[in-house]
Amino acid sequence: MSGTDLLLPIPGDPITAVATPVGVGALAVVRISGNGAHQIADRVFQKANGEAQALASSPGFLAHFGRLYDGEEMIDEVIALVFRGPHSFTAEDMVEFTCHGGPVVVKHVLQLLLDNGCRLAEPGEFTRRAFLNGRIDLLQAEAIGEMIHARSESAWRTAVTQMKGDLSKKLNALRERLLHSCALLELELDFSEEEVEFQSREELTRQVDDLRREVGRLVDSYQHGRLLSEGVATVIAGRPNAGKSTLLNTLLGQERAIVSHMPGTTRDYIEECFIHDKTMFRLTDTAGLREAGEEIEHEGIRRSRMKMAEADLMLYLFDAGTERLDEEIADIRAVRAAHPEVRFLVVANKVDLLSSSDEVMQKVSSEAGAEVIGISARDGRGVEALLQRMSELVKDLDKLHEASVLVTSLRHYEALRNAADALENARELIDHHADTELIAFELRSALDYVGEITGKVVNEEILNTIFAKFCIGK
Ligand code: GDP
């Protein structure tokens with residue numbers, strides 16, 4: 001389906017939700033949006049000066065001090081902030097009540113609004129309305145979600161850029177140009193009897209090549225964009241007992257900034273994030289797997305291999321005091337050879353047990369041809385230097401926040417890939433002097449794929465997936 005205005009009837013029934021986190025706080029915000037929002041608010045709100053219908057007749061962006069009543073019973077003292085559509089987040093009439101921040105207070109306020117004609121909002125419904133009413137495009141709606149969930153400086157920065165609409169502008173410009181080429185081809189079809197060409201095939205080829213290059217650049221930026229939003233995928237590899245879990249704990253413990261479980265990953269491996277020097281590392285410990293018997297171990301190894309292949313950075317850990325140093329060196333060479341594209345650091349662990357680890361490190365470094373850093377995961381020595389090197393090794397990946405427009409979401413990436421494929425097909429068809437109709441078809445698909453990203457072309461399924469990720473009240 002094309003054009004958001006053709007989509008669904010705009011669901012303007014009054015909805016309400018708490019916009020602030022659950023729990024005890026100084027203040028909480030409960031919002032109402034939709035038809036009759038002001039009238040509903042007036043039913044339960046009494047302005048301090050006793051004025052009736054205060055909110056329905058209030059100008060927008062004005063705050064009123066007063067009380068909420070359930071009949072005779074006072075619920076709380078609040079500030080009511082009035083928005084008049086279309087000058088509100090959802091473009092509808094809205095009221096935001098700032099009440100006291102206790103869970104019981106909030107429950108009463110919500111219940112009061114539900115009793116007076118609101119229904120509870122679905123997750124993301126406020127933002128969905130903002131989109132459906134043309135206040136923001138789909139990319140900006142997603143950026144709001146990404147900003148709320150951002151866990152690193154750079155993820156936040158990318159979300160801000162996207163919210164400002166930089167990617168949208170770029171995509172809209174692309175769409176305009178595609179539309180232009182499509183329109184000329186379709187004109188040709190209308191005049192097919194007369195065999196006219198509204199633009200020369202050379203001109204069309206040039207256009208299509210330009211578009212391919214630009215879409216290609218965006219597709220390529222995804223690799224970088226993903227790093228910003230998900231972190232540098234870092235795998236800790238090595239034999240059992242090398243100290244992988246200990247290192248993981250040390251890294252996470254030392255870098256207190258943010259430690260969180262990645263949502264949505266399987267529990268077969270441990271994945272945690274931390275931030276060092278503004279870079280987010282997503283650490284995978286492939287060790288935790290081996291404790292639950294052979295079958296699982298097997299599956300575990302398969303999964304660790306998979307993780308290694310996906311890694312941006314690998315730390316290969318070995319026990320510096322090992323008596324089987326030659327075997328370790330052979331392993332290191334094998335792992336490196338299997339993943340030549342992955343940035344690689346060899347870590348000699350347990351240096352606290354040796355009087356000197358220099359010899360071991362030199363041997364490994366020269367025979368395995370890799371950079372070696374000595375640490376004690378247990379007492380923390382060398383760990384700061386390790387972190388420093390990790391940051392340096394991925395600096396080129398992370399200096400991207402300077403790049404202006406990046407694709408960070410898998411959904412956008414896939415749509416762009418499809419658009420690139422369609423353009424590629426179009427190019428081939430032109431080369432083979434194919435029918436105008438076929439070329440037009442491919443360009444039209446590219447147009448639709450690009451439109452899917454900003455929401456110019458939407459389907460219900462995409463909308464549901466996007467907005468289901470939001471919290472209620474957003
Ligand atoms: P994993 O199997 O690679 O995850 O290894 P673990 O982290 O479970 O460590 C294996 C054993 O080595 C444990 O008893 C750790 O306490 C010990 N260990 C780990 N790192 C060090 C270290 O730097 N120095 C010393 N002395 N022992 C360590």
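The basis for the numbers below is simple: all heavy atoms, side chains too, and nothing from hydrogens, waters or symmetry mates. Everything numeric here is computed off the predicted structure, so don't read it as measured data. Ligands are counted one by one from 1 in listed order, and the atoms in each one are counted from 1 as well.
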Subset of ligand 1 atoms that lie under 4.0 Å from at least one heavy atom of [X]:
{"X": "Arg239", "result": "3 (O)"}
{"X": "Leu353", "result": "26 (N)"}
{"X": "Asp352", "result": "22 (C), 23 (O), 24 (N), 25 (C), 26 (N)"}
{"X": "Pro240", "result": "2 (O)"}
{"X": "Ser376", "result": "22 (C), 23 (O), 24 (N)"}

One thing to verify: whether [Y] and [X] come together as a salt bridge, which I'm taking to mean a side-chain N less than 4.0 angstrom from a carboxylate O.
{"X": "Asp448", "Y": "Arg444", "answer": "no"}
{"X": "Arg427", "Y": "Asp209", "answer": "yes"}
{"X": "Asp331", "Y": "Arg336", "answer": "no"}
{"X": "Arg324", "Y": "Glu328", "answer": "no"}

(request) Report the member of Lys350, Arg381, Lys244 with the shortest heavy-atom distance to atom 18 (N) of ligand 1. (result)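 The residue whose heavy atom sits nearest atom 18 (N) of ligand 1 is Lys350.
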(message) Below 3.5 Å, N or O to N or O, backbone or side chain included: is there any such pair between Ser245 and ligand 1?
(response)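 It does: an N or O of Ser245 is found under 3.5 Å from an N or O of ligand 1.
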(message) Between ligand 1 and Gly243, is the shortest N or O to N or O distance under 3.5 Å?
(response)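 Yes, at least one N or O pair falls under 3.5 Å.
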(request) Using a 4.0 Å heavy-atom cut-off, say whether Ile375 meets ligand 1 through its side chain, its backbone, both or neither. (result)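 Looking at Ile375 and ligand 1, no heavy atom falls under 4.0 Å.
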(message) I'd like to know if the side chain of Asp166 and the backbone of Gln162 have a donor-acceptor N/O pair within less than 3.5 Å.
(response)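 Judged by distance alone, no pair lies under 3.5 Å.
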(message) I'd like to know whether CZ of Arg417 has more than 12 heavy-atom contacts from other residues, nucleotides or ligands below 6.0 angstrom.
(response)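 For Arg417, atom CZ is not crowded (no more than 12 foreign heavy atoms under 6.0 Å).
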(request) Count the heavy atoms of every other residue, nucleotide or ligand shown that sit under 6.0 Å from CD of Glu323, and state whether that count exceeds 12. (result)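 Atom CD in Glu323 is not packed in, count stays at 12 or less.
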